[in-house]
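Below you'll find the structure, written out as structure tokens, and then a few comments.
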Amino acid sequence: MGLIQELGIRVPVVQGGMGGGLSGHELAGAVSAAGGLGTIGILPVRELRLEIDAARAKTDGPVAVNLLLPFARRAHFAAAEQADVIVTFWGKPRREVRGTWIHQCGSPAEARAAREAGADAVIAQGVEAGGHVRGTTPALELLERVREELPDDYPVLSAGGIADADDVAGRMGAGAEAVVCGTRFLLSEESGAHPLYKARLLAARETILTELFGLGWPAPHRVVANAATERWLRRDRRGPSWLRALHRASAPLLSHAPMEGQLRLAAMQRPGRPLFGPAAPTAGGPESLLEAGPLYAGVCVARIADVRPAAELVHELASGLAS
Ligand SMILES: Cc1cc2nc3c(=O)[nH]c(=O)nc-3n(C[C@H](O)[C@H](O)[C@H](O)COP(=O)(O)O)c2cc1C
């Protein structure tokens, strides 16, 4: 029996964790209740605990928590132990929890390191992914290369560019244990994205791989255009070199600041003020982030035309697979 079945996941569709309130209990609970694996994104520890409890109230199925290694502290890992699966991202893979641990990787070398560190599975993230982008290779090619790198029975999940049933069937046919979708679930009724952020994504045809919103976290991320990108990315899509240097310098300090403070700082962002952190616009958060914050989305946003209930998405994504 594979890892997915062992965990009691009936449909091999995983909703990627999206931090800062984009994927909370409503989305994660709905995906897990529909038979997939829902994932709560990173939050301040107290909120994370509440979100896990609230997701449990919505489903008997397994629930995952996603932790970003630059920001996760010991208390985050302790809280995340209450979930069935912990997914980590961005940094040297290391086992911090006793339970099932999956690490999202961008290369075969990173996947091998995660397995050697004791990860139960890896997610191979292709360069077309939304949010922070570890991969530099298209997802299908990366999946094949990671599969070659690791033993046949080791579970490899595939992320990046998955928006419909054909995409899912393609990845499963190439040896994925399951698929991981971010952008498709961001455009669900239950995601915490601000309604106007969702509207921007529905209209978007192009994405930008940039480093503009890297204050405290200097890492490439994929977004759609807004006033901040129009103003600062004219010469270099990564952002001005002095701004990227500021991001690198700020990272050791800011990534250790309490997450609550980082979210408060985000409210002060303006398109003309080059202090751009990674918080995205959420339903309850400051509307100013629509023009001054990152509108994360993957390349597949161009193929998504509707906001749908998450359960419907789980069933539709898996509709091309033999049951
Ligand atoms: C809005 C958004 C936020 C994201 N936040 C996180 C995160 O907090 N942690 C993480 O591991 N991955 C994050 N990701 C990346 C996903 O885990 C996944 O790799 C990606 O969404 C797959 O590509 P897709 O967007 O084309 O489906 C995010 C993706 C998006 C779209």
Side-chain angles (χ1 to χ4, degrees), residues 13-24 27-28 31 36-43 48 51 64-72 76 80 85-91 93 101-106 110 114 119 122-135 137-140 142-143 157-164 167-168 171 176 178-188 191-194 197-198 200-201 204 207-209 213 217 219-224 259 262 278-283 285 289 293-304 313 317:
V13 171
V14 177
Q15 165 252 315
M18 298 178 277
L22 293 172
S23 66
L27 177 54
V31 170
L37 178 64
T39 310
I40 295 165
I42 193 166
L43 287 165
L48 192 59
E51 287 295 310
V65 162
N66 178 280
L67 294 180
L68 296 167
L69 292 176
F71 303 100
H76 281 100
V85 179
I86 298 178
V87 181
T88 54
F89 191 36
W90 217 278
W101 168 43
I102 302 177
H103 187 70
Q104 180 160 237
C105 308
E110 192 180 12
V122 291
I123 301 169
Q125 188 207 42
V127 68
E128 55 276 74
H132 284 77
V133 183
R134 192 80 169 163
T137 312
L140 191 55
L142 180 64
L143 171 63
L157 288 70
S158 181
I162 299 165
D164 62 27
D167 299 328
V168 175
R171 302 298 169 87
V179 297
V180 179
C181 306
T183 304
R184 182 55 273 197
F185 284 112
L186 189 65
L187 288 167
S188 67
S191 100
H194 192 289
Y197 174 16
K198 294 183 189 179
R200 291 285 181 93
L201 297 198
T207 60
I208 311 167
L209 188 58
F213 301 97
W217 188 12
H221 40 273
R222 191 177 289 287
V223 299
V224 304
M259 289 195 85
Q262 295 175 35
T282 54
L289 286 177
L295 303 182
Y296 297 120
V299 169
C300 67
V301 73
R303 296 189 281 127
I304 301 176
L313 292 174
L317 286 161

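Counting convention: from 1, in listed order, for ligands and their atoms alike.
For the side-chain contact (heavy atoms from CB on, under 4.5 Å) test, residues two or more places apart in sequence or in another chain that qualify with T282 are L22. Residues that satisfy the side-chain contact (heavy atoms from CB on, under 4.5 Å) test with A219, not counting sequence neighbours, are W90, H132, W217. Residues passing the side-chain contact (heavy atoms from CB on, under 4.5 Å) test with A80 are V65, L67, I86, sequence neighbours excluded.
Atom CG of L186 and atom CD1 of I304 lie 8.5 Å apart (nearest 0.5 Å). To the nearest 0.5 Å, atoms CG (L313) and CZ (R184) are separated by 4.5 Å. To the nearest 0.5 angstrom, I162 atom CD1 is 8.5 Å from E128 atom CD.
Within 4.0 Å of ligand 1, protein heavy atoms come from G17, M18, G19, L22, N66, L68, F89, Q104, Q125, A129, G130, G131, A159, G160, G161, C181, G182, T183, L186, Y197, Y296, C300.
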